[in-house]
Amino acid sequence: MAEMTRRDLLKIAAAGAAAALPGVPPSVQAQTTQKRDLVVAQGGDIANLDPHLSTSSNDIRISFNIFDNLTSRRPDGKLAPALATEWKLQGQQTWVFKLRSGVKFHNNDPFTSADVKFSIDRSLDTNLKGNRVNTVLPTVDRVETPDPGTAVVHTKKPDPLLPARLGFYGGQMIPKKYVESVGPEVFNQKPIGTGPVRFVSWVKDDKLVLEANPDYWGGRVDFDRLTVRAIPDMAPRVAALLKGEVDLITQVPPDQGERVKGNAGTVVTGALYGGLYVLAVNSKRPPLDNPLVKQALSLAIDREAIVKELWRGRGIVPNSMIAKGDNHFDASLPPLAFNVNEAKARLKKAGYKGEEIVIETTSGYMAGDKPMAEAVQAMWRDVGVNAKVEVMEYSVRAQKIREKSFKGLWWSDPTSTLRDPDGMMWRLLGPGGPQDYWRHAEFDELGNAARFSVDEKFRADAYKKMTQLFLEHFPWLPVIQPYEDYGMQKYVEWTPDPLQQLEIRRFNFKFRRA
Amino acid sequence: MRGLVPFLASRLLRAAVALWLVSTVVFVVMRLSGDPVPLLLPPDAPQSEFARVRAELGLDRPLPVQYAVFLGHVMRGDFGQSIHFRQSAFRVVLGYLPATFELGLAAFALALLVALPIGVVSAVKRNSVVDQATMGLALVGQSAPTFFIGILLILVVSLNLGLLPTSGRDGWHSLVLPALTLGAFAMASIARLTRSAVLEVLRADYIRTARAKGVTEALVVVKHTLKNAAVPIVTITGLQFGTLLGGAVVTETVFAWPGIGRLAIQSIYNRDYPIVQCTVFVSAVLFIVINFCIDLIYGLLDPRVRSS
């Protein structure tokens, strides 16, 4: 599936370049630079650099470059060796990680298995003030360190996804000696890791400065200095790119892409989001407890129109609850269907009597949230559904998630952090999960069995059956899998990451030199 | 200056009461707005996690207890730990103050430097082309929304003319556009008020007397008019200064300027109680100090205020 994604990306990049420069191959137009400084502007401020204190994308874009994990999720979706050079499963519940030798932290302390144990233990430590990642590695029982170059992780149950879990937030490797000697507050302000860039200075809400780690095990990065700026407003962020003050910007909405593409020196590049935008359903509220009603609602959404009109083509129509690019995504399934007559027929069969169906949406929290809610409302009204849109604030939404008090449907943009259905669909929709509003005995049994099985063939079958049940009951109405677009100077060679990471290591970032 | 000590004492007392009221209102309003914990934890965090974090932040205690603890700490200048930054809230806010002062003072200086001469010239040359053009511009400056002025300046001055940085805080040249944006409203209102205050004085009998004595027009304006027109100008200027320091939210956001306005808004979204309380408190102190200074300046300008 990663191949497909890459091909799609190339196609889109080529189309973008062709639109901007008709008749000229992009490589000829590519500009070059002598820059040694990379300046990145993102839409939000950085709050914490201690990787155990944050799951916010603005923070981890940076912390994943100050720190390394044992495994590394590459922009192509594959899991690659990082601080561990190899890992294997012994029996059902013991993972053995061989550590890369000769790796040093930014303060020259050597990286050993003691740091692995310290990092994983701290990640799980509920006594660590402000710990936000202690639910990321729920299957870990204990870590053993038979020698400095080997770490052994015992899990409570068989966990096929442990190496993947260690590749995302909560799995960053931090220096035991430094953290213990300076304490958590200093570590959060002046972090030290093994990563490709090391900390220089930080003015909150303004800029963070990092410099190349000259001895990085993965090769020195292609710049001397990395400055990360926070420019919350979109228009100034785009203006800073167009003027050449910054080299790379995050979160370019579809309607701004044209401006960036239309400028001679800049391009738009995007990655298909590793996740979905769905309308989550409170299936406990009549009439949404009736599968026929939910089938009708799904059939009434013209997703092609949403992709084309609201997203200017920057997205694809999902075919199930599994995102394209994830393990066990079934490419043979057709995209979710749009059929007005069938929708009306199922509503009639369900005995729908015009009960109000409410979409609660934020405005501007998720890209396109309110316009999409209004479009869906109009589409539902076309088939005779008494649909209503209510706007809520982001913090109200968080409260409602907590209290499970949504009136009908609401937007959710689940990220597939493990690039596997277990890390997205089952994490959210499973029993006791944050979106547990619908239970089905067979679905639950399959989901649990797949979570604790290390047999990928068995898991594939389980997710196939779960998909069929999902498409009958629709605990979510998946709407779009969008592209996440970035703007950059043409002299930058960089591949965006489906999980919103900023991968600037040598293999993924280069300035084009003259 | 017989009444100075009681004057100061009553001022200080009033200031203390105002600060107490402000902090209490913020405390109550923030708690009414809801729970910060769901914003801090991933949505799939278990129940026990919520309880743990709530206890960690002291939110599990009854409200009156939280309030008592809060007041006790504020007396000692301690606003607690920022929920979002994991740092002393007071230290976080202090870190944002220099940027706010820099922008506020620059906007204020710019506003005064432009507005006062324009206001005076417009009044003296009433109904001339200069008067009509500048007052027309002032009307635009007063009615155009800040974000619009800001983005317009970025697009025209920075992007099309390539003159100044689009955003950020990096030396004096990055200060010009945000100061102009933030100062636009103050500039316009000070210019308009100066014009009408000067016009009013120009109609007064003593000006006619001065002119009749043969005093030159320049001297009439500078010596006799300006001092008498100063009281309303100082009032509006002082009020505007407070607004410049406290009301820079939009400008700071558009220009990615790391000041307390943006910090306050972001902290409200994050429900970061300690930061919001501390920012409001600090802003209130600033307002009170500014008002106090204005009162003193009145006294210097107008003997009648001193005696009353």
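As the structure is a computational prediction, the values presented were derived from the model and not from experiment. So that the names make sense, note that chain A is the first sequence line, chain B the second, and so on, each numbered from 1.
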For the pair S158(B) and E245(A), evaluate side chain to side chain contact (heavy atoms under 4.5 Å, CB included) and give the outcome as yes or no after the intermediate values. CA-CA 11 Å; S158(B) 191; E245(A) 287 170 16; 4.2 Å; yes

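If you measure heavy-atom distances from L53(A) to chain B, the contacts under 4.5 Å come from the side chain alone. Of the two parts of N48(A), only the side chain, counted from C-beta on, holds a non-hydrogen atom closer than 4.5 Å to a non-hydrogen atom of chain B. In this structure, the portions of N131(A) lying under 4.5 Å from any heavy atom of chain B include both its backbone and its side chain. Residue contact with chain B, scored on non-hydrogen atoms closer than 4.5 Å, is absent for D436(A). Heavy atoms of A235(A) lying under 4.5 Å from chain B belong exclusively to its side chain. Residue Q189(A) touches chain B through its side chain alone, counting heavy-atom pairs closer than 4.5 Å.
For the atom pair CD1 (I231(A)) and CZ (F255(B)), the distance works out to 11.5 Å, reported to the nearest 0.5 Å. The distance from atom CG of L163(B) to atom NZ of K243(A), rounded to the nearest 0.5 Å, is 8.0 Å. Rounded to the nearest 0.5 Å, atoms CD (Q266(B)) and CG (D205(A)) are 7.5 Å apart. From L128(A), atom CG reaches atom CD of E56(B) across 8.0 Å, with rounding to the nearest 0.5 Å. The CD1 atom of I268(B) sits 9.5 Å away from the CD atom of E393(A) when rounded to the nearest 0.5 Å.
Under the 4.5 Å side-chain criterion, counting only non-hydrogen atoms from C-beta, S167(B) is not in contact with R237(A). Looking at K204(A) and Q87(B), their side chains come closer than 4.5 Å, going by heavy atoms from C-beta outward. Under the 4.5 Å side-chain criterion, counting only non-hydrogen atoms from C-beta, P236(A) is not in contact with T166(B).
Under the 3.5 Å distance criterion, the side-chain polar atoms of R52(B) are matched with a main-chain donor or acceptor of T126(A).
Ranking L242(A), N134(A), V396(A), V246(A) against chain B, the residue ahead of the rest is N134(A), based on heavy-atom pairs under 4.5 Å.
Sparse packing is recorded around CZ of R61(B), with 12 or fewer heavy atoms of other residues, nucleotides or ligands lying under 6.0 Å away.
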